[in-house]
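Just below is one structure, and these are the notes that go with it.
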Amino acid sequence: MQNKRHFSDLSQVDWPNVYGDKLLRFFSLLTEPCIEVFYGIKAGTIPWSKCFSIGSIFGILILFHIDFLFLKKLHLQAIYPIKPYFYWSYCTLIGLSTFWMWGLFRTYQRRKLIERLTDIMLSAGLKSATGKLPGFVFDRPIDDFTRKLRLTRSNLPKEKFESAKSTLESSLQVFIDETRENRTSGTIDIIYSHFEMPQITYIDNIKAISPLCFVVGNTRAKQIKVQFRNVPHLMVAGQTGGGKSTFLRGFVTTLYLNNNDMEFTLIDLKGGLEFQLFEGLERIIVIPNVDKSIPALHELQMAIENRMAVLKENNCKDLDSYSVIPAEKRKIAPGVSIQGFLKRHLLVIDEAAEMF
């Protein structure tokens with residue numbers, strides 16, 4: 001026999017809490033998408049063209065009163081705004097609703113992530129000695145391709161999260177780029193993306209790269225460039241076949257084409273095979289073995305000592321500070337030639353370990 005609730009039972013219901021929960025859920029439904037839109041604008045991840053396109057379609061529907069016909073069919077024409085103030089407010093809200101719908105979709109994704117986090121943390125073994133699991137703080141976009149998931153650390157070390165990387169990637173169905181520890185706040189940031197990193201990247205316009213600047217590579221969102229003034233010494237390391245020599249060829253090519261007065265000494269200890277495309281070019285010397293590299297290194301060492309003597313004589317610490325001194329005021333160190341002094345010289349050694 002089915003139990004029925006009598007009117008006397010309804011008096012026992014905690015009505016403030018019932019309506020309070022519903023009101024809170026309704027308020028969250030309105031505000032959470034707006035928060036997502038705010039962070040989307042901040043990170044530049046909102047699909048402006050799509051949102052404006054769909055908003056334009058809504059505007060056309062309003063222009064031809066199709067929205068009114070729709071409400072009339074549902075017998076809801078009484079709620080259609082007539083007064084100008086309400087009508088234009090209504091039009092604005094409809095036009096902006098596409099952004100809110102995008103925020104709603106992001107909110108749905110975030111909530112689904114929160115629901116899965118408990119099982120994911122357990123499967124990844126991220127549980128403290130007291131049984132605490134990392135807690136959700138936020139999940140926000142960084143750029144068009146990457147997001148930041150912040151979790152409470154729950155007394156777990158950063159290394160624990162790093163060792164669980166493969167499990168987290170598999171469970172979250174994402175690609176994790178980095179794990180950052182915030183010791184002051186006791187949180188962990190997981191930088192991740194839903195898109196796999198491209199295996200091959202291209203330099204679209206090599207001439208657009210500034211002098212003394214070179215491309216390290218691409219992230220999912222942007223190209224990473226380095227200025228030689230900030231990084232005067234560089235070591236490239238990696239496994240066999242990882243692309244070290246390919247990077248060095250692109251590196252030398254970029255600097256050669258964009259710096260007409262730069263000279264190069266390329267020591268290729270793979271028998272000259274990797275740098276053979278540079279042989280015969282002006283300003284470039286390619287050395288294929290250790291024996292021939294020793295005199296070249298001695299010559300470069302003498303050039304460095306000469307430069308240091310001239311810089312010290314002129315109270316300068318580098319070529320940039322020396323170059324701003326008027327030519328007539330530059331001092332010449334005793335016994336030192338300054339011919340070609342301002343030319344920069346790049347030394348590149350492929351397979352440097354062979355020299356030792």
Side-chain angles (χ1 to χ4, degrees), residues 197-219 222-311 318-323 336-356:
M197 189 75 76
Q199 297 300 309
I200 299 176
T201 61
Y202 299 93
I203 301 175
D204 296 327
N205 184 5
I206 202 167
K207 283 293 187 180
I209 300 171
S210 303
L212 298 179
C213 192
F214 59 92
V215 175
V216 175
N218 288 359
T219 67
K222 62 181 180 180
Q223 192 174 72
I224 302 296
K225 298 175 185 176
V226 174
Q227 174 61 248
F228 249 123
R229 288 186 175 88
N230 301 325
V231 185
H233 308 290
L234 187 69
M235 182 176 72
V236 183
Q239 63 184 11
T240 301
K244 300 184 297 296
S245 297
T246 301
F247 167 76
L248 289 175
R249 286 194 295 271
F251 164 74
V252 171
T253 300
T254 301
L255 292 168
Y256 181 80
L257 293 176
N258 292 332
N259 300 273
N260 295 328
D261 59 348
M262 181 179 280
E263 297 177 339
F264 299 79
T265 296
L266 310 180
I267 300 177
D268 183 357
L269 300 182
K270 292 180 181 176
L273 296 176
E274 295 295 349
F275 290 151
Q276 59 183 319
L277 75 161
F278 299 114
E279 290 179 355
L281 293 177
E282 294 182 5
R283 301 186 282 121
I284 293 184
I285 299 172
V286 179
I287 301 173
N289 56 56
V290 174
D291 292 337
K292 291 183 178 180
S293 69
I294 293 173
L297 291 175
H298 279 302
E299 188 177 334
L300 289 173
Q301 179 62 30
M302 290 177 59
I304 290 173
E305 291 174 359
N306 286 343
R307 290 192 177 200
M308 287 192 295
V310 173
L311 292 175
D318 52 35
L319 282 180
D320 290 331
S321 55
Y322 176 83
S323 64
V336 175
S337 171
I338 60 170
Q339 184 176 2
F341 184 76
L342 289 175
K343 287 186 178 180
R344 295 181 182 270
H345 199 117
L346 179 68
L347 170 65
V348 180
I349 306 174
D350 196 358
E351 298 294 340
E354 296 292 327
M355 301 196 74
F356 300 103

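Throughout, numbering of the chain's residues begins at 1 and tracks the sequence.
Remark: N306 CG to M308 CE distance equals 9.0 Å, nearest 0.5 Å. If you take CD1 on I304 and CG on L311, they are separated by 11.5 Å, rounding to the nearest 0.5 Å. How far CZ of F264 is from CD of E282: 13.0 Å, rounded to the nearest 0.5 Å. The CG atom of L266 sits 9.5 Å away from atom CG of L281, with the distance rounded to the nearest 0.5 Å.
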_L297 and I267: CA distance, side-chain angles, deciding distance, side chain to side chain contact (heavy atoms under 4.5 Å, CB included) verdict_ = CA-CA 10 Å; L297 291 175; I267 300 177; 3.9 Å; yes
*Are E274 and L248 close enough, and set up right, to give a side chain to side chain contact (heavy atoms under 4.5 Å, CB included), and what steps lead you there?*
CA-CA 9 Å; E274 295 295 349; L248 289 175; over 6 Å; no
*Let me see the working for I209 and L257 under side chain to side chain contact (heavy atoms under 4.5 Å, CB included), right down to the final yes or no.*
CA-CA 10 Å; I209 300 171; L257 293 176; over 6 Å; no
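Summarising the geometry of C213 relative to K225, their closest heavy-atom pair is SG-CB, 3.8 Å, with the distance given to 0.1 Å. Nearest heavy atoms, M262 versus L212: CE-CD2, 3.4 Å.
Of the possible donor and acceptor atoms, none in the side chain of K292 sits under 3.5 Å from a partner among the backbone N and O of I287. Side-chain N or O atoms of N259 include none that pairs as donor or acceptor with a backbone N or O of P211 at under 3.5 Å. Without hydrogens or angle criteria, Q276 side chain to L273 main chain gives a donor-acceptor distance under 3.5 Å.
K270 and S245 share a donor-acceptor pair across their side chains, judged by distance under 3.5 Å alone.
Remark: S321 pairs with D318 by the side chain to side chain donor-acceptor pair (under 3.5 Å) rule, at least two apart or across chains. By the side chain to side chain donor-acceptor pair (under 3.5 Å) test, T265 pairs with H345, sequence neighbours left out. Not counting sequence neighbours, the partners of D320 by the side chain to side chain donor-acceptor pair (under 3.5 Å) test are R229, R344.
The aromatic rings of F251 and F214 stand perpendicular to each other, their planes meeting at an angle above 60°, with 30° marking the opposite boundary.
Between V348 and F275, the closest side-chain pair of non-hydrogen atoms falls below 4.5 Å. Residues N258 and K207 have side chains in contact (heavy-atom distance under 4.5 Å, counting atoms from C-beta outward). Counting only heavy atoms from C-beta outward, the side chains of T254 and V215 never approach each other to under 4.5 Å.
For CD of E299, the number of neighbouring non-hydrogen atoms (other residues, nucleotides, ligands) closer than 6.0 Å is 12 at most. In this structure, Q301 places its CD atom where more than 12 heavy-atom neighbours from other residues, nucleotides or ligands lie under 6.0 Å away.
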